[in-house]
Amino acid sequence: LKNISLFMNVLVPCFLGAVAASGNITTATGTYATMAFGINIIELLIVRIILPAINIYLIVEFMNAFTKEKMLSKAAKSLKSGIHWTLTLTTTIILGYNGIKSIMLPSVDSTIGKSARRLMGAVPVVGDALDGATETIVGSGMLIKNGIGIGGIIILVVICLIPIIKLLTLTIIYKVAAAMLEPICDKKLVNCIENSGEATKLLLVAVVVSMLLLVLLLAIVVAATKAV
């Protein structure tokens with residue numbers, strides 16, 4: 001997760017610089033703060049809240065496995081639901097807010113860009129030359145912006161792929177081990193192994209949600225911005 005955060009902190013200024021170069025200055029300025037905030041919130045949420053909550057969930061399930069009446073089953077279920085709801089709510093808020101800004105800000109840039117080009121075109125003698133030069137610069141900015149955005153998405157997916165594969169493999173191993181040991185081992189031990197698989201699956205979901213959230217943040221800006 002720290003590698004993802006470091007990569008995004010390097011990528012975002014470069015990407016939004018290219019967005020500004022394509023004529024979407026208002027979008028770049030308004031999006032920088034929200035993307036930086038989103039990245040920090042995702043890191044804070046996963047590292048400071050979700051990971052400790054998963055650890056507590058696993059401890060509660062282990063304690064529950066060794067009690068006769070399973071007195072902590074409700075607490076474990078509530079923790080698991082809380083983790084899912086936290087991830088869902090965070091994703092909805094961040095994507096919704098960035099989606100609304102990505103609809104509004106490009107419209108402002110389009111209006112400003114059209115007005116600026118009309119003013120340049122009205123300049124005697126050099127107006128057409130200025131308009132042509134501006135169009136070339138903005139077009140080049142669009143190509144760079146799209147290249148950085150798509151490249152960033154690919155690199156982000158590659159960075160996340162290794163931990164996702166590891167967590168998926170661990171989840172499968174825990175589940176298969178619990179199924180194979182159930183006929184021959186004590187039920188408490190089997191429950192502990194199965195609960196370890198559930199905790200690993202929760203961690204897997206958290207990593208996948210973080211990756212998808214960051215990918216969608218980039219994709220929204222790439223799709224919403226256009227030459228002005």
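In this text, all values refer to a predicted model and were calculated from it rather than measured experimentally.
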I'd like to know whether Ile49 forms a side-chain contact (heavy atoms from CB on, under 4.5 Å) with Leu44, so could you lay out the CA-CA distance, the side-chain angles of the two residues, the decisive distance to 0.1 Å, and finally the verdict. CA-CA 7 Å; Ile49 298 175; Leu44 179 68; 5.5 Å; no
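- Residues passing the side-chain contact (heavy atoms from CB on, under 4.5 Å) test with Leu203 are Leu51, Ile54, Leu167, sequence neighbours excluded.
- The salt bridge (charged side-chain N to carboxylate O under 4.0 Å, His left out) search around Glu194 returns none, not counting sequence neighbours.
- With sequence neighbours excluded, the residues satisfying side-chain contact (heavy atoms from CB on, under 4.5 Å) with Leu189 are Cys185, Ile193.
- If you take CG on Asn195 and OG1 on Thr200, they are separated by 10.5 Å, rounding to the nearest 0.5 Å.
- Atom CD1 of Ile50 and atom CG of Asn55 lie 11.5 Å apart (nearest 0.5 Å).
- When the side chain to side chain donor-acceptor pair (under 3.5 Å) test is applied to Tyr57, the partners found at least two apart in sequence or on another chain are Glu61.
- Within the structure, salt bridge (charged side-chain N to carboxylate O under 4.0 Å, His left out) contacts touching residues 201-221 (residues at least two apart or in different chains) are Glu198-Lys201.
- A pairwise comparison of heavy atoms in Val157 and Met211 identifies CA-SD, 4.1 Å as the closest pair.
- Between the CD1 atom in Ile46 and the CG atom in Leu213 there is a gap of 9.0 Å [rounded to 0.5 Å].
- Listed by chain and number, the residues in a side-chain contact (heavy atoms from CB on, under 4.5 Å) with Ile172 are Leu168, Val176 (sequence neighbours excluded).
- Hydrophobic cluster membership differs between Leu170 and Val207, with clusters built from Ile, Leu, Val, Met, Phe, Trp and Tyr side chains linked at under 4.5 angstrom.
- Taken to the nearest 0.5 Å, the CD1 atom of Ile93 stands 6.0 Å off from the OG1 atom of Thr90.
- Within 6.0 Å of CG in Leu89 there are more than 12 heavy atoms belonging to other residues, nucleotides or ligands.
- Taken together through direct or relayed side-chain contacts under 4.5 Å among Ile, Leu, Val, Met, Phe, Trp and Tyr, Leu204 and Leu212 form part of one hydrophobic cluster.
- Both Met63 and Ile56 are part of a single hydrophobic cluster, where members link through side-chain heavy atoms under 4.5 Å apart.
- Side-chain contacts under 4.5 Å among hydrophobic residues (ILVMFWY), followed directly or transitively, place Leu161 together with Ile165.
- Ile164 and Leu87 end up in the same hydrophobic cluster when Ile, Leu, Val, Met, Phe, Trp and Tyr side chains are linked at under 4.5 Å.
- The side-chain contact (heavy atoms from CB on, under 4.5 Å) test applied to Ile155 returns Phe7, Ile159, not counting sequence neighbours.
- Rounded to the nearest 0.5 angstrom, Ser196 OG and Lys175 NZ are separated by 10.0 Å.
- Grouping Ile, Leu, Val, Met, Phe, Trp and Tyr by side-chain contacts under 4.5 Å, direct or through others, puts Leu58 with Phe62.
- Counting only distance, with no hydrogens or angles, the side chain of Asn64 and the backbone of Val60 share no donor-acceptor pair below 3.5 Å.
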